[in-house]
Amino acid sequence: MTALVQLLISGVLLGGIYALAAFGLALIFGVCNILNLAHGEFLMLGALVCFLLGRSLGIDPFAAILVLLPLFFVLGMLFERGLIRTVAAKTGHEQLTASVLVTLGLSLCIEDVARVLWGAEEKGFYYALPPIVLGHRAIVISSVRLLSLGCIVGMTLVVHQFLVRTYLGKALRAVTQNRRGALLVGINTAHVGLLTCGIGTMLAAVAGVFYMLLYSVNPSIGLPLTLRYLCIIVLGGLGSLFGALLGGIILGLTEVFTGYLLNPHWQETVAFLMLVVFLLVRPQGLFGRAQL
Amino acid sequence: MTVDKVHLLLGPFSSHITKAAVTVADKYKMPMVMAEANDATIFEQRYKYTINQVDLADTESYGYLDLLHTEGKVQSIAFVAEDTLHSTGALRGGVKKGRELGLKVLAEEIAPPDTKDFTAVILKLKQADPDVVYVEAFPQFEIPFMKQAYELGLKPREFFNGHIVDAVLKALGPRAEGLTGVVYWAPGLPYPGTDDFVAALKEAGIDWARQMESSIHFQSFQVMQQAIEQAGTLDPEALNKVLHEATFRTLSGDIVHSEAGLGNTCSYPVQVQGGELKLIGPKDLAVVQHIYPSVK
């Protein structure tokens with residue numbers, strides 16, 4: 001029973017961290033219809049900047065988020081203006097091919113540049129917070145993970161409120177649901193795309209801070225993470241924010257329980273098998289794209 | 001090799017890359033002095049033109065386990081390794097040696113090298129409650145494992161990290177104090193070449209704690225230099241003969257090679273004390289005493 005509770009807590013926390021980065025990917029896909037394979041690289045860059053700020057200036061990782069938010073928002077907008085807008089202007093098969101090749105190329109470029117600038121070795125730091133202990137050390141909850149989850153939930157609520165209550169958020173949802181319809185009612189879709197890439201990239205960078213807090217980073221983590229986030233948003237329903245959250249939590253729980261009940265080697269296999277089965281049964285994912 | 005007409009090859013880093021490279025050396029009958037590769041599967045092929053310096057990965061834990069046995073304080077141990085050639089070899093040998101020395105081996109967990117969440121493994125280790133948790137992996141595995149072990153309250157009496165390199169120590173900060181590990185050279189060893197090695201590191205701007213494998217590289221250069229001096233020629237066949245038959249004096253002790261090219265440099269146990277790696281064994285070479293239990 002103790003193990004079950006501990007696994008549930010860890011799985012949900014892990015899923016929450018997965019979800020934050022997956023949000024950004026879901027948003028960019030939903031609005032721009034672009035499969036951004038460089039998304040994981042922005043997470044890696046966010047983690048690296050957090051590491052460098054901590055090492056060189058002694059800035060706390062949670063405080064570093066305040067620096068990363070505007071920095072990566074601008075970087076995301078530059079990404080949209082420089083690459084995504086041109087690709088998004090294409091149609092059909094041409095757009096899909098271009099989006100995969102352009103973002104994959106960017107991903108490889110960022111990885112190489114990061115390796116040259118900051119070295120290939122593993123980077124990490126230990127963020128010391130005493131764990132929460134329940135029942136004579138039977139259940140130990142990591143305070144760092146709990147704090148991270150709190151921040152992730154907070155950010156999710158802020159993004160949700162932005163999408164539901166503000167004009168820009170409503171415009172963003174409208175473009176996701178029907179791009180042509182949004183254009184007809186006077187929404188500036190180019191502006192919305194710019195904003196979306198800024199927000200999506202910013203969320204990936206913030207997820208990088210939590211990634212650095214809990215694990216460690218090196219320049220090559222980006223692409224494998226992107227694939228994982230892609231699975232999450234497909235599971236949740238392409239373009240759905242809540243689908244991404246639920247997909248992340250399902251993946252986190254599956255990995256943690258598989259590692260415990262079977263073997264860590266089976267974590268990814270079981271998770272991806274589940275994805276395949278799920279997509280065969282419900283191809284549109286949990287929420288589909290109309291729910292954003 | 002064929003264009004530049006080289007006489008001798010220096011091997012690459014790690015067992016899995018070397019395993020591919022040695023086939024080239026054998027194909028062209030060109031002696032290769034391996035630098036940092038010691039998985040058993042490389043030597044099973046019985047290549048004729050390759051030698052290495054350090055003993056098999058399977059023996060990597062021996063120095064540390066012998067120390068524990070001599071001290072007689074540790075009763076049980078749990079092994080965790082990433083699924084790579086070197087690390088699984090070290091786990092295999094460690095488990096065997098541990099049992100021979102009378103230690104209870106309570107767990108043998110192997111996980112993929114890109115594992116990031118260790119909750120499941122840590123829970124199993126908590127239930128096993130060993131005196132020592134022995135982690136054999138590279139930093140991308142060791143760092144998140146150790147961070148999560150601390151976060152989730154895994155509390156053995158001691159942690160051991162196979163690659164106790166600078167990246168791990170920096171990532172763990174003050175929590176690295178007391179960590180144990182093994183190295184193939186450490187300050188304080190009384191063998192020839194230490195001053196030259198330290199000078200070479202200084203000149204190259206390399207910090208030993210950051211690039212610990214540099215000592216094995218230096219050993220390889222010592223072996224190459226002595227092989228050329230003893231052979232008196234750069235002929236690959238003559239060099240290969242000397243490499244396989246001579247005894248070489250290096251900064252980590254004397255080396256002889258088996259017919260399969262396997263060297264005999266053993267690992268030396270170290271512990272982080274006062275923020276620095278200090279030699280804790282064997283007893284006659286130790287610079288400081290092993291602090292146990294070391295997890296507060």
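In what follows, every chain begins at residue 1, and chains take the letters A, B, ... in the order their sequences are listed. Note that the coordinates shown come from a computational prediction; the quantities given were computed from them, not determined experimentally.
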Open item on the list: Which heavy atom of Thr115(B) sits nearest to which heavy atom of Gln267(A), and what is that distance?
Closed with: CG2-OE1, 4.3 Å

Task: Distance, nearest 0.5 Å, that separates OG1 of Thr119(B) from CG of Leu13(A) - done: 8.5 Å

Task: Closest-packed option against chain B by number of heavy-atom pairs under 4.5 Å, given Ile9(A), Leu213(A), Asn263(A) - done: Leu213(A)

Open item on the list: Is there a side-chain contact between Tyr215(A) and Asp117(B) in this structure, where contact means two heavy atoms from C-beta onward sitting under 4.5 Å apart?
Closed with: yes

Task: Glu122(A) vs Phe138(B) side-chain heavy atoms within contact, under 4.5 Å - done: no

TODO: Could you tell me whether the side chain of Lys147(B) and the main chain of Tyr126(A) form a donor-acceptor pair under 3.5 Å?
DONE: no

TODO: Identify which of Lys170(B), Glu151(B), Arg175(B) forms the greatest number of heavy-atom pairs closer than 4.5 Å to chain A.
DONE: Glu151(B)

Open item on the list: Less than 4.5 Å apart, side chain to side chain, heavy atoms only: is that true for Tyr260(A) and Leu123(B)?
Closed with: yes

Open item on the list: Out of Pro130(A), Ser143(A), Ser10(A), return the one with the most heavy atom pairs under 4.5 angstrom to chain B.
Closed with: Ser10(A)

TODO: Report yes if the side chains of Gln140(B) and Asn218(A) come closer than 4.5 Å at any heavy-atom pair, otherwise no.
DONE: yes

Open item on the list: Do His265(A) and Pro112(B) make a side-chain contact, defined as non-hydrogen atoms from C-beta onward lying under 4.5 Å apart?
Closed with: yes

- [ ] Side-chain contact test, heavy atoms from C-beta onward, threshold under 4.5 Å: evaluate it for Leu214(A) versus Lys116(B) and give yes or no.
- [x] no

